[in-house]
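Data block below; observations after.
Every chain is numbered from 1 and lettered A, B, ... according to where its sequence line falls, protein lines coming before strand lines. The analysis underlying the following values was restricted to heavy atoms, covering all of them including side chains, and did not include hydrogens, waters or symmetry mates.
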Amino acid sequence: MEDASHNDLSAEEAELYRIRHSLAHVLAQAVLELRPGTTLGFGPPIADGFYYDFVLSEPLTEAELPELEKKMKHIIKRGQKFEREDLPAQEAFRLIGEDMQEPYKLEYARELVEKNGLETLSFYKNGPFLDMCEGPHVDSTRQLPAGAFKLRSIAGAYWRGNSDNVQMTRIYAWAYKTPEELQARIKEHKLALANDHKKLGRDLDIFHIDDEIGKGLPLWLPNGTVIRDELEKLARELEFKDGYERVVTPQLAKVGLYYRTGHLPYYANGMFPFLELKERHEVEGGEVEEVVEQYALKPMNCPHHHKIFAARPRSYRDLPLRLAEYGNCYRYEESGALSGLLRVRGMCMNDAHIYCTEEQIGDEFKKVMDLHRRVYEILGLQDNYWMRLSTWDPDDPKGKDKYVDMPEAWEASTRHIRAAMDEIGMPYREVKGEGAFYGPKIDVQFRTVTGREETASTNQLDFCVPARLGLVYTNANDEEVHPWVLHRAPLGTHERFVAFLIEHYGGAFPTWLAPEQVRVMPVAAPFAGYAQKLVDELRSDFVRARPDLSADTLNKRIRTAQTSKIPNTLVVGEREEQDGSVTLRRYGSREQESMPFEEFRARLRKAIATRAMVLD
RNA sequence: GCCCAGAUAGCUCAGUCGGUAGAGCAGCGGUUUCGUAAACCGCAGGUCGCAGGUUCAAGUCCUGUUCUGGGCUCCA
C-alpha cells in the first residue's frame, strides 16, 4: 500500500485525504470503545482508503467489523468537531506518555522532536478522542460520508514495519466520497478476483500446488508447460539475435562458492538448508560422523555463470560475453510470504549475465532495456507497470549489512543507469533502498489483481562480485581487469511472469501463447471425420488443435470452449465439409466468419509466427 | 517467521441446538443431438485437512498440527 503524502495533492485529492484521515480517527475511537485499554500505532490514508494499527487489549475478529462500522456511523452522526491544539514538545510528551498512555505515539513524538527538530506537536480532538496528528481533518464528523466507507480486513503489521518490533493489529478500510464510488470499488474488487491467477490457474489447468510435494513448489500442468515453452522460445529467439549464448548449469553448488561471491552469510536465510555429505570415522571408543561436503540448492544462477566466465582466459576481444540460461533456482521464502505462482520457493529464471568493460556498460544496458521493451510490446503489456531505478540508501542504518560499502562505485553505476535510461527515453522513478547488495538496478513493477506490487523483470548492474570471484579479462594494454556484469531477466521467472500474464489476459491468452490454439467442433456426429481431418492438418503445422467430439449439444460445446478461453473455435457441418471451409468463432466474440480452410490456416500461421495479439 | 481468518466430493458451496453427510457443476453410463454460451435420465463420488481430547454421541466443542487466504517483514 502506498501512503498518500498530503503535500502535493489537488484540492479534490486533499478533500479525500481529509475524509480518510478523519475516518481513521473515528475508527480508532470506535475501537477504543469496543476494546478499552487498546494502544494506538499509525493510522494513515492510503490509496483506496485508510488503515489504523492497534495493540489491542483483547483480540478482534473480522466478524466484529460490522459492529465497529456501526459504532463509527454513530460517531459520525454525533457531529463531533475536530479541534486542533499545538503543544510545546515537553508538554506534549507528558500528555501522550502520562495522560494518554500511548507508548508508541510517544516514541514517534520524541523522534519528531529530536530527529526532525519540531518544536511543537499538534493534536486533534473530536468528542472524547484525542490523537497526536499532523492533520488536516474535516471540521466535523458529520462531514464524513457514512455510506462511503467499509472496513475491509484485519491484518498483522509490525510497528514501524520492523519485524523486531511488536506486532500490531491493522484494520484496513476502503473509503471514498460517495457510496457510488465505494460500490464501484467493491465491484472492481470482485471482478479482479475473477482474474486472480490462483483461480484461473486452477480453472484452466495451468498449475497445481500439492502439500506432499511442498509449499511454494508448483507443479506445471500440460497447459502451463505450453505457456512456459512458448515464453522460452521467445526468449531464445530474441536473445539469439542480441548475441547471447546459451549455457546449462547444475542446480547445486558447494557452499563455499556462495561465501566467495558474498551471497553468504547475508543471504543465508533466503536459501534452503544445505545438503550435507557425511563420513563415519573410527576413533578410539567408537565412531564419529563428520560433514565432508556441503551443497546448496542454488538461489541464483550468477555464481555458476561466473564460473563459466572464469573457466577460460578472457580477452577484451571476447567482450561483451552474454551467457543465458533459463535456470531453476530455489529460495527459502518465509512460509507466510508464499502465494500461488507469485511467490514460490522453486522458480525458473529467464537469466543471463553480460560481462563487459566499463565503456560497454551504457550500450549493453540500453540493449537489455530495448530487449525488454520488445518483449513487453509482443506481450501487449502497455501501461500496467512502471520502472523503478532501485538504488542503495546510504542513510539506511542497516546499510552496512545490506550493500557493499563502495560509495564511489554506487554513484558511478547509478549514473551509468540514469544516462542509459535517459538516452533510450524510458521513464523511471528512483527509489532508495531497493538495490541489490552488489549494485543498482532497474526493476519493472506491476500490480496484481489484488493490488499487491511485485517485480516482474529486472536489469541489474554489478560492480562488485566479479572482483570478489577474481574474474578478469586481459585488456588492450595487456593488463588484467575485472569485468562489469549485468544480471538481467526481462521475462523474470516463469512462475511470477506467467502469474502476471494470466491476470493480465484474464486467462485468455493470444493464440501463439494459448495452450490450446484451435478447437474444432462438428455440428453433429456425421461431421466428426471432417473435424478430425482439420485437426490433423493443423497439427501437422504444429498447431495445438483438438477436436470436440463429445456428445454434448453444440451449444454446450461452444460454451465449454468459451469458458476454457480457447482463442479460436472452428464449427464445421455440412456446408463446410462440402466446400472445404471452416466457420471461425473467436474467443469473446459472438460473430462468426466463414472462409476456406486454407485461408484460415494461412492466417493462423501468420498470427502465430508474428505472435500477434489477434488473428487478422 | 509473525498477526488474523479459514479448510466439508475434482470445483463452488449448504449442513440449525452435538444425534452419524447434501446440492449444483465437472466425471462415468445410457438416451438424445444438423448450426454458435448449459438436452434428458441414471450412476458413482467423502476417514468432513491430519492427530489427539471432551461426550452415550463430534463436520459441529477443546488442544495440537499441516496447508491455504489476507496482511507485516522479505523478495524474481
Side-chain angles (χ1 to χ4, degrees), chain A residues 1 51 53 55-56 59-64 152-172 193 196 198-199 202-203 205 208-212 214-216 267 269-270 299-300 329 331-345 347-351 434 436 441 443-445 450-458 460 487-497 499-500 521-527 550-563 569-577 583-585 589-592 594:
Chain A
M1 287 295 160
Y51 68 77
D53 289 342
V55 177
L56 294 162
L60 197 66
T61 71
E62 281 182 18
E64 291 171 285
R152 182 155 55 98
S153 62
I154 294 183
Y158 297 105
W159 168 239
R160 322 239 27 202
N162 184 336
S163 57
D164 297 334
N165 291 341
V166 64
Q167 184 151 52
M168 301 182 147
T169 302
R170 177 172 296 178
I171 299 178
Y172 277 106
L193 292 182
D196 188 306
K198 295 186 289 291
K199 173 181 159 45
R202 184 175 49 237
D203 291 350
D205 286 320
H208 173 71
I209 295 177
D210 191 291
D211 290 0
E212 288 196 288
K215 51 183 169 182
Y267 199 70
N269 61 2
M300 59 263 303
C329 297
R331 298 185 182 177
Y332 193 78
E333 293 289 333
E334 290 173 335
S335 63
L338 301 175
S339 177
L341 285 183
L342 274 172
R343 192 65 65 79
V344 294
R345 285 179 171 169
M347 69 211 80
C348 186
M349 206 182 297
N350 168 227
D351 216 349
E434 295 285 348
K441 54 180 179 167
D443 290 319
V444 181
Q445 301 297 109
T450 47
R452 200 170 9 200
E453 188 176 306
E454 296 281 6
T455 302
S457 318
T458 189
Q460 316 182 349
H487 307 239
R488 43 104 286 175
L491 287 147
T493 61
H494 278 321
E495 286 70 19
R496 191 173 289 173
F497 214 83
F500 178 30
M521 55 184 75
V523 296
F527 311 103
S550 67
D552 291 329
T553 58
L554 180 62
N555 276 340
K556 179 61 185 297
R557 285 177 291 143
I558 294 281
R559 183 186 144 86
T560 304
Q562 292 293 309
T563 55
T569 298
L570 296 181
V571 178
V572 295
E574 191 170 5
R575 288 201 300 273
E576 287 80 5
E577 183 159 20
T583 297
L584 168 68
R585 174 173 173 155
S589 164
R590 286 176 181 272
E591 282 165 33
Q592 301 122 47
S594 289

Just to be sure I understand the rule, does [X] reach a base, reach only the sugar-phosphate, or reach nothing, if contact means heavy atoms closer than 4.0 Å?
X: Thr553(A); answer: base
X: Gly214(A); answer: nothing
X: Arg202(A); answer: sugar-phosphate
X: Ala337(A); answer: base
X: Thr583(A); answer: base
X: Ala456(A); answer: sugar-phosphate
X: Thr563(A); answer: base
X: Phe497(A); answer: nothing
X: Gly573(A); answer: base
X: Met349(A); answer: nothing

Expected output: side-chain [X] to main-chain [Y] donor-acceptor under 3.5 Å:
X: Arg170(A); Y: Tyr51(A); answer: no
X: Asp443(A); Y: Gln445(A); answer: no
X: Glu577(A); Y: Val572(A); answer: no
X: Arg345(A); Y: Arg331(A); answer: no

How long is the line joining [atom1] of [X] and [atom2] of [N], in whole Å?
X: Glu62(A); N: rG69(B); atom1: CD; atom2: C1'; result: 10 Å
X: Asp211(A); N: rG6(B); atom1: CG; atom2: P; result: 19 Å
X: Leu342(A); N: rG69(B); atom1: CG; atom2: P; result: 10 Å
X: Arg331(A); N: rA76(B); atom1: CZ; atom2: P; result: 5 Å
X: Met347(A); N: rA76(B); atom1: CE; atom2: P; result: 9 Å
X: Ile171(A); N: rG70(B); atom1: CD1; atom2: C1'; result: 14 Å

Calculate, to the nearest 0.5 Å, the distance between atoms [atom1] and [atom2] belonging to [X] and [Y] respectively.
X: His487(A); Y: Lys441(A); atom1: NE2; atom2: NZ; answer: 10.5 Å
X: Asn555(A); Y: Thr560(A); atom1: CG; atom2: OG1; answer: 10.5 Å
X: Leu570(A); Y: Glu576(A); atom1: CG; atom2: CD; answer: 9.5 Å
X: Leu60(A); Y: Ile171(A); atom1: CG; atom2: CD1; answer: 5.0 Å
X: Asp203(A); Y: Asp196(A); atom1: CG; atom2: CG; answer: 10.5 Å
X: Glu574(A); Y: Phe527(A); atom1: CD; atom2: CZ; answer: 5.0 Å

field: Residue mapping more 5' on RNA chain B - nearest nucleotide basis, Val523(A) or Arg452(A)
entry: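 Residue closer to the 5' terminus by nearest nucleotide: Val523(A).
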message: Please compare Glu574(A) and Met168(A) by the position of their nearest nucleotide in RNA chain B and report the one closer to 5'.
response: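 Closer to the 5' end of RNA chain B: Met168(A).
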I want to verify a distance call: between [options], whose nearest atom is closest to the [X] side chain?
X: Gln167(A); options: rC2(B), rA76(B), rU36(B); answer: rC2(B)
X: Lys215(A); options: rU68(B), rA76(B), rC72(B); answer: rU68(B)
X: Glu333(A); options: rA76(B), rG70(B), rG35(B); answer: rA76(B)
X: Asn555(A); options: rA37(B), rU33(B), rU68(B); answer: rA37(B)
X: Arg575(A); options: rG35(B), rC67(B), rG1(B); answer: rG35(B)
X: Ala524(A); options: rA76(B), rC34(B), rA37(B); answer: rC34(B)
X: Ala157(A); options: rC72(B), rU36(B), rA76(B); answer: rC72(B)
X: Ala155(A); options: rC34(B), rA76(B), rG70(B); answer: rG70(B)

Taking only N and O in the side chain of [X], is any of them less than 4.0 Å away from OP1 or OP2 of [N]?
X: Arg585(A); N: rA37(B); result: yes
X: Ser163(A); N: rU73(B); result: no
X: Tyr172(A); N: rC72(B); result: yes
X: Arg590(A); N: rA37(B); result: yes
X: Lys556(A); N: rC25(B); result: no
X: Lys199(A); N: rU12(B); result: no
X: Thr169(A); N: rC3(B); result: no
X: Arg488(A); N: rA76(B); result: no

Check whether the side chain of [X] and the base of [N] form a donor-acceptor pair under 3.5 Å.
X: Tyr158(A); N: rG71(B); result: no
X: Thr493(A); N: rA76(B); result: yes
X: Arg343(A); N: rC75(B); result: yes
X: Glu576(A); N: rG35(B); result: yes

Distance between [atom1] atoms of [N] and [M] (Å, rounded):
N: rC13(B); M: rG19(B); atom1: P; result: 24 Å
N: rA51(B); M: rC67(B); atom1: P; result: 16 Å
N: rG10(B); M: rC3(B); atom1: C1'; result: 33 Å

- line: Symbol by symbol from the 5' end, with Watson-Crick or G-U pairs under 3.5 Å, [ ] crossing and | another strand, RNA chain B is (((((((..((((.....[..)))).(((((.......))))).....(((((..]....))))))))))))....
- request: Indicate yes or no: at least one non-hydrogen side-chain atom of Gln562(A) is less than 4.5 angstrom from one of Arg585(A).
  value: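 A side-chain contact exists here, since the closest heavy-atom pair is under 4.5 Å.
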field: Result of checking Leu491(A), Thr458(A), Thr493(A) against Asn350(A) for side chain to side chain contact (heavy atoms under 4.5 Å, CB included)
entry: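 Answer after filtering Leu491(A), Thr458(A), Thr493(A): Leu491(A).
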message: Once salt bridge (Lys or Arg N to Asp or Glu O under 4.0 Å) is applied, do any residues pair with Glu495(A), and if so which ones, sequence neighbours excluded?
response: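 If we apply the salt bridge (Lys or Arg N to Asp or Glu O under 4.0 Å) test to Glu495(A), skipping adjacent residues, the hits are Arg228(A).
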Output one line per pair: protein atom, nucleotide atom from nucleotides 48-50 of chain B, and distance, for all N/O pairs under 3.5 Å.
none

